[in-house]
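To find a chain, count down the sequence lines: A is the first, B the second, and so on, and within it residues start at 1.
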Amino acid sequence: MIDIQLLRSNLDAVSARLATRGYRLERDAFLELEAERKRVQSETQALQSSRNAYAKKIGQAKAKGEDVGPLMAEASAANARLGDLEKALERVQQRLQGFLAVIPNPPHESVPTGKSPDDNVEQRRWGMPRSFDFPAKDHVDVGEGLGMLDFATATKIAGARFSVMTGGIARLHRAIAQFMLDVHTREHGYTEVYVPYLVNAQSMYGTGQLPKFEQDLFMVPRGEEKWYLIPTAEVPVTNIVRDEIVPLERLPLKFVCHTPCFRSEAGSYGKDTRGMIRQHQFDKVELVQVTQPEASYRALEELTGHAETILKKLELPYRVVTLCTGDMGAASAKTYDIEVWLPAQNTYREISSCSNFEAYQARRMQARFRNAKGKVELAHTLNGSGLAVGRTLVAILENYQNQDGSVSVPSALRAYLNGQEKISRA
RNA sequence: GGAGAGAUGGCCGAGCGGCUUAAGGCGCACGCUUGGAAAGCGUGUAUACGUUAACAGCGUAUCGAGGGUUCGAAUCCCUCUCUCUCCGCCA
């Protein structure tokens with residue numbers, strides 16, 4: 001959530017900044033809402049104050065044995081409007097809250113201005129795309145050729161955008177996740193966590209998926225309540241610090257978490273319909289950090305580097321791009337995408353997205369820490385895929401395929417497959 | 001799913017309609033004391049929102065959550081959530 005103080009003090013500047021990401025801030029609506037809030041709140045608090053004073057007076061008078069009849073009548077009259085006012089305050093605060101909740105995060109000053117992915121800025125490339133001396137197949141053909149990837153069966157069981165993996169590919173998929181967890185815990189200092197895959201609406205609100213992006217989620221009704229399948233481990237993991245005040249010495253918090261992710265992909269019909277690139281269910285190893293504000297941009301660089309390490313160890317060519325203002329997720333202040341080389345598509349495709357949310361999520365979650373002066377302050381939250389397991393599998397199948405239809409196992413993963421060097425048709 | 005017991009500040013724990021602006025203790029911070037420490041003594045010790053230049057002061061709210069009764073609710077009533085104990089079922 002945006003800082004309301006910022007809107008009050010710098011409305012024009014914030015409005016201009018938000019416009020760079022294609023968001024039109026309704027200035028007048030805000031000013032009106034604020035004026036209304038101020039009026040109702042002042043009046044309500046004044047009446048509450050008077051109510052408290054009357055109650056105290058009556059109590060004291062009663063203790064002395066005085067007749068409190070007239071006082072009570074007076075209090076009753078004075079309090080007559082309070083109930084309505086309190087309800088009105090509640091309503092106006094909810095409207096204000098609703099207004100604020102859908103405003104995206106103003107981008108960090110270092111973020112390039114732009115409208116579409118075309119305006120993203122490449123930062124660096126690593127690795128040389130391999131040149132094939134045979135026609136490179138895409139991962140679907142590689143996987144189906146091995147008899148270990150089956151979309152038709154998945155469609156029968158569930159529907160479109162699911163997959164069934166068997167044998168060597170299922171095992172490779174598992175190995176990838178294990179490998180990532182091990183690297184991040186052993187080499188990068190993250191603590192592994194296991195979390196719920198169903199979360200309540202409050203958690204979804206905290207990280208910013210709700211109220212605006214409900215159509216992207218799978219919702220599970222539960223009586224009057226709603227549960228949601230997590231679209232990323234970011235949601236449960238970041239919400240660990242919701243409504244918490246973390247002692248300074250525990251920062252930064254660094255969590256790594258392997259979960260399935262569930263996305264409805266509403267509105268992406270016809271996009272990446274082939275293969276495992278865009279599924280309703282996929283596995284991901286997620287990195288989450290909670291830091292002091294001063295440390296968050298350094299942490300973003302580090303976290304991005306941690307994700308890159310995986311690709312380097314797997315010897316998969318990639319590039320890093322800075323998302324432009326128009327292409328970033330609403331909650332993010334700055335995002336780096338890491339894109340892996342997919343030979344069959346002859347292009348780089350997103351395999352990780354690393355973002356600094358600054359205090360945007362923390363404000364929604366009331367995730368705070370106690371600073372050196374002992375004062376409570378909002379933390380900064382960050383996360384990044386480290387990496388998307390399904391897409392990593394895709395990258396390996398495509399980049400490590402051999403002419404005979406087999407797939408070589410990247411050397412970093414062999415230890416996880418009992419030394420196996422190659423996946424061949426059984 | 002059934003029966004019962006609970007939920008109070010960082011922690012323990014009293015309060016069960018008005019001198020509670022939540023007792024008392026522990027912890028923590030600072031001060032006094034001391035050669036230094038402990039003990040002792042004293043002072044302080046929540047969060048959110050508003051107002052504001054102010055993380056100064058003042059106001060409002062918060063005793064699991066929501067609603068109700070009342071001039072006044074931690075305290076009474078209703079609904080819900082969660083925790084614990086026992087039974088049932090279960091990977």
**OP:** Please check if atom NZ in Lys115(A) has more than 12 non-hydrogen atoms from other residues, nucleotides or ligands closer than 6.0 Å.
**Re:** no
Original post:
In whole Å, what is the span from the CZ atom of Phe369(A) to the C1' atom of C55(B)?
Top reply: 13 Å
**OP:** For Arg250(A), look at atom CZ and say whether over 12 heavy atoms of other residues, nucleotides or ligands are found less than 6.0 Å away.
**Re:** no
**OP:** For RNA chain B, determine which residues of residues 51-58 of chain A have any heavy atom closer than 4.0 angstrom to one of its atoms, and list them numerically.
**Re:** Arg51(A), Asn52(A), Ala55(A), Ile58(A)
Original post:
Is a salt bridge present between Arg298(A) and Glu301(A), judged by a nitrogen-to-oxygen distance below 4.0 Å?
Top reply: no
Original post:
Quick one: on RNA chain B, does Gln48(A) or Lys62(A) contact a more 5' nucleotide (nearest heavy atom)?
Top reply: Lys62(A)
**OP:** Grab the two heavy atoms, one from Ile423(A) and one from Gly168(A), that are nearest each other, plus how far apart they are.
**Re:** CD1-O, 3.7 Å
**OP:** Quick one: stems involving RNA chain B, counted as three or more successive Watson-Crick or G-U pairs, both distances short of 3.5 Å.
**Re:** B:1-7 with B:81-87, B:10-12 with B:24-26, B:27-32 with B:40-45, B:46-51 with B:57-62, B:64-68 with B:76-80
Original post:
Using the ring of each side chain (for Trp, its six-membered ring), is Tyr190(A) parallel, tilted or perpendicular to His188(A), with breaks at 30° and 60°?
Top reply: perpendicular
Original post:
With a 4.5 Å limit on heavy-atom distance, are the side chains of Tyr400(A) and Glu315(A) in contact?
Top reply: yes
Measure all distances between protein nitrogen or oxygen atoms and nitrogen or oxygen atoms of nucleotides 66-70 of chain B, and list the pairs falling under 3.5 Å.
none

**OP:** Determine the interatomic distance between P on C87(B) and the same-named atom on C11(B); round to the nearest Å.
**Re:** 31 Å
Original post:
Under the salt bridge (charged side-chain N to carboxylate O under 4.0 Å, His left out) rule, what pairs show up with a residue in residues 7-26 of chain A, not counting sequence neighbours?
Top reply: Arg8(A)-Glu34(A), Asp12(A)-Arg27(A)
**OP:** Can you run down the ring pair (Phe, Tyr, Trp, His ring centres under 6.0 Å) pairs that involve residues 145-167 of chain A, sequence neighbours left out, and say none if there aren't any?
**Re:** Phe162(A)-His280(A)
**OP:** Side-chain contact test, heavy atoms from C-beta onward, threshold under 4.5 Å: evaluate it for Leu311(A) versus Ile351(A) and give yes or no.
**Re:** yes
Original post:
Using a cut-off of 4.0 Å between protein heavy atoms and nucleotide atoms, how would you tag nucleotides 45-53 of chain B 5' to 3' with B, S and -?
Top reply: --SSSSS--
Original post:
Quantified in whole Å, what is the P atom distance between nucleotide C16(B) and nucleotide A23(B)?
Top reply: 15 Å
Subject >> Distance in angstrom units between Glu249(A) CD and G10(B) C1', rounded >> reply: 13 Å
For nucleotides 75-84 of chain B, which of its nitrogen or oxygen atoms have a protein nitrogen or oxygen under 3.5 Å away, and what is each distance?
none

**OP:** Report yes if at least one side-chain N or O of Ser49(A) is closer than 4.0 Å to OP1 or OP2 of G59(B); otherwise report no.
**Re:** no
**OP:** Could you measure between the two C1' atoms, the one in U70(B) and the one in G18(B), and give it in whole Å?
**Re:** 12 Å
Subject >> d(CD, Glu86(A); C1', U62(B)) in whole Å >> reply: 13 Å
**OP:** Using the ring pair (Phe, Tyr, Trp, His ring centres under 6.0 Å) rule, collect all pairs that involve residues 73-96 of chain A, keeping only residues at least two apart or in two chains.
**Re:** none
Between the protein and nucleotides 56-58 of chain B, which nitrogen or oxygen pairs come in under 3.5 angstrom?
none

**OP:** Of all the heavy-atom pairs spanning Phe255(A) and Val237(A), show the shortest one and how long it is.
**Re:** CB-CG1, 3.6 Å
Original post:
Going by distance alone, is a donor N or O of one side chain under 3.5 Å from an acceptor N or O of the other, for Glu377(A) and Gln292(A)?
Top reply: no
Subject >> Whole-Å C1' distance, G67(B) and G10(B) >> reply: 31 Å
**OP:** Among residues two or more places apart or on two chains, list those pairs meeting salt bridge (charged side-chain N to carboxylate O under 4.0 Å, His left out) that have a residue in residues 89-100 of chain A.
**Re:** none
Original post:
How far does the P atom of U47(B) sit from the matching atom of G9(B), given to the nearest Å?
Top reply: 14 Å
**OP:** Verify whether one side chain among Glu234(A) and Gln361(A) offers a donor that lies under 3.5 Å from an acceptor in the other.
**Re:** yes
**OP:** For the pair Val40(A) and Leu85(A), evaluate side chain to side chain contact (heavy atoms under 4.5 Å, CB included) and give the outcome as yes or no after the intermediate values.
**Re:** CA-CA 7 Å; Val40(A) 178; Leu85(A) 264 174; 4.1 Å; yes
**OP:** Specify the separation, in whole Å, of atom CD of Gln202(A) and atom C1' of G64(B).
**Re:** 13 Å
Validation: residues 170-178 of chain A side-chain donor-acceptor distances under 3.5 Å, sequence neighbours left out:
residue, atom, partner, partner atom, Å
Arg171(A), NH2, Gln420(A), OE1, 3.4

**OP:** Return yes when atom NZ of Lys137(A) has more than 12 non-hydrogen atoms of other residues, nucleotides or ligands closer than 6.0 Å, and no otherwise.
**Re:** yes
Original post:
Given atom CG of Leu47(A) and atom P of A61(B), what is their separation to the nearest angstrom?
Top reply: 11 Å
Pairs of donor and acceptor atoms involving the side chains of residues 204-218 of chain A, under 3.5 Å and at least two apart or interchain, shall be tabulated with distances.
residue, atom, partner, partner atom, Å
Tyr205(A), OH, Gln97(A), NE2, 2.9
Thr207(A), OG1, Ser203(A), O, 3.2
Thr207(A), OG1, Gln209(A), OE1, 2.7
Lys212(A), NZ, Val102(A), O, 3.3
Glu214(A), OE2, Tyr228(A), OH, 2.7

**OP:** Answer yes or no: is there an ion pair linking Lys313(A) with Glu187(A), defined by an N-O contact shorter than 4.0 Å?
**Re:** yes
Subject >> C1'-based separation of A54(B) from A39(B) [nearest Å] >> reply: 41 Å
Original post:
In whole Å, what separates the P atom of U62(B) from that of G68(B)?
Top reply: 13 Å
Original post:
U21(B) and G59(B): how far apart are their C1' atoms, nearest whole angstrom?
Top reply: 13 Å
